Amino acid sequence: MILLGLLLLGTLHISTALDNGLARTPPMGWLNWERYRCNTDCKNDPYNCISADLFLEMAKLMKYEGYADVGYEYINIDDCWMLRDRGADGKLVSNPELFPEGIPALADAIHSMGLKIGIYEDYGTKTCGGYPGTKDHIEDDVNLFASWGIDSLKLDGCYCNASEFSTGFPAVGAALNATGRPVLYSCEWPLYEYRETDKIPYAEIAETCNLWRNTEDVQDSWASVERIIEWFGDNAGNLASYAGPGNWNDPDMLIIGDYGLSFEQSETQMAMWAMMAAPLYMSNDLRTLRQWQKDILMNQEVIAVDQDPMGKQGVRVYQDAKKKHEYWSRELADGSYAVVMYRRDSSGLPKPYTATFKQLLIKTKTAHVRDLFTHLDLGVYTDGITATLPPSGSCKMFKVTPIKSQF
Ligand SMILES: *[C@@H]1O[C@H](CO)[C@@H](O)[C@H](O)[C@H]1NC(C)=O
Ligand SMILES: *[C@@H]1O[C@H](CO)[C@@H](O)[C@H](O)[C@H]1NC(C)=O
């Protein structure tokens, strides 16, 4: 009887996860927040304010510089796009200084490039930036977004109590569903209580949201990226089980191309986001990226790990006692594994490290190993992988294909 109950519960968990047909693999695109924040000052800073021009420019570069070809698709607007007050009719109004022709015109232009557009709101009485929140206006706001042709909604949780999330986020989700327009639903639900992971109702969140932001906002620094990876490593056992086609943990934006990451650290963010089956939303200036930054962001072998159709999130499988280096492993649909060996300490020379297949939870004696950043087949390895890692947040990422035992 108990066993039957457990089996039913298991089935229930899977069958009630949100399925609006979207985000069968983690979504990819661009989101303005980390790089541009709430910069509405187009008079003094026209090049960097969050105007229609900025979003269109990013859409064009995404389309014509190859990002779209490798999967980047969404252009997402974050907070501060509105006027401080609703219109006389109660509707949200986009700031005409930022969007002179309105959001629908921007949506049309983005759609005509074969891309998608996302927008931002907040469940509370105000957004985090102090603009009108959606509380008491849910249906009107969501219907407005659908009528504008919006493809994705990021819903924040400022200016309300976390105790209201369990009713608020599902209410907005139901209203989105009722519009009949498929809208990817990204929820800032867990992050407000992320220090008390046990309290976060992930099963409930997965019933409502395509994506959920687990941790603090990413900032433009290696320390921030390192902290997020650490948090996911510590909590992966709990989180990873809720990830899969249609539902993803969200460690926040890629900051590759900004000011905070070295070449090695940029590779590590890309590798680790792929291991975590994370949404790949860049927050950077596509107008000024260097070639090596583009190469990392468009590394198709790493993207293929992120986009693996089985959608099984990778986990940290080993960390040394002093937290100086660690290994992650992710099972892929074709029976192979993605592996990251990541070194954190900043002391001294590049050094060799060995990850055994056993540590990596790969049941094999021998395997083909391919380096996903150098794009080289390294040959057949026995028992494990030895790789040289420089200090300060570097990694190696491999695809490991076990050789079936020859009896
Ligand atoms: C949150 O709840 C507390 C206690 O019920 C209340 O005093 C406070 O005003 C609420 N805050 C918001 C933003 O609704
Ligand atoms: C609404 O929800 C139903 C049931 O989960 C789902 O089949 C359908 O695709 C959803 N529609 C939209 C537009 O999200």
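Start at 1 and go down the list; that is how both ligands and their atoms are numbered. Not measured: the values here are computed from a predicted model.
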Check: of Asn20, Leu176, Asp19, Val183, min heavy-atom distance to atom 6 (C) of ligand 2 comes from Asp19
Backbone of Thr356 reached by a side-chain donor or acceptor of Gln359 within 3.5 Å: yes
Those residues at least two apart in sequence (or on a different chain) that pass salt bridge (Lys or Arg N to Asp or Glu O under 4.0 Å) with Asp258 are Arg35
Taken in chain and number order and not counting sequence neighbours, the residues that satisfy ring pair (Phe, Tyr, Trp, His ring centres under 6.0 Å) with Tyr64 are none
Measure from atom 4 (C) of ligand 2 to the protein's non-hydrogen atoms and state whether any distance is below 4.0 Å. no
ask   = At a 4.0 Å cut-off, with the gap strictly under it, does some heavy atom of Gly180 reach an atom of ligand 2?
value = yes
For this session: Return a yes/no value for Arg181: is any of its N or O atoms, backbone included, closer than 3.5 angstrom to an N or O of ligand 2?
Result: no
### Query
So Phe165 and Phe169, would you call those rings parallel, tilted or perpendicular, with 30° and 60° as cut-offs?
perpendicular
Of all protein heavy atoms, the one nearest atom 14 (O) of ligand 2 is Asn177 ND2, 3.3 Å
Using a strict threshold of under 4.0 Å (side-chain N to carboxylate O), is an ion pair present between Arg287 and Glu57?
no
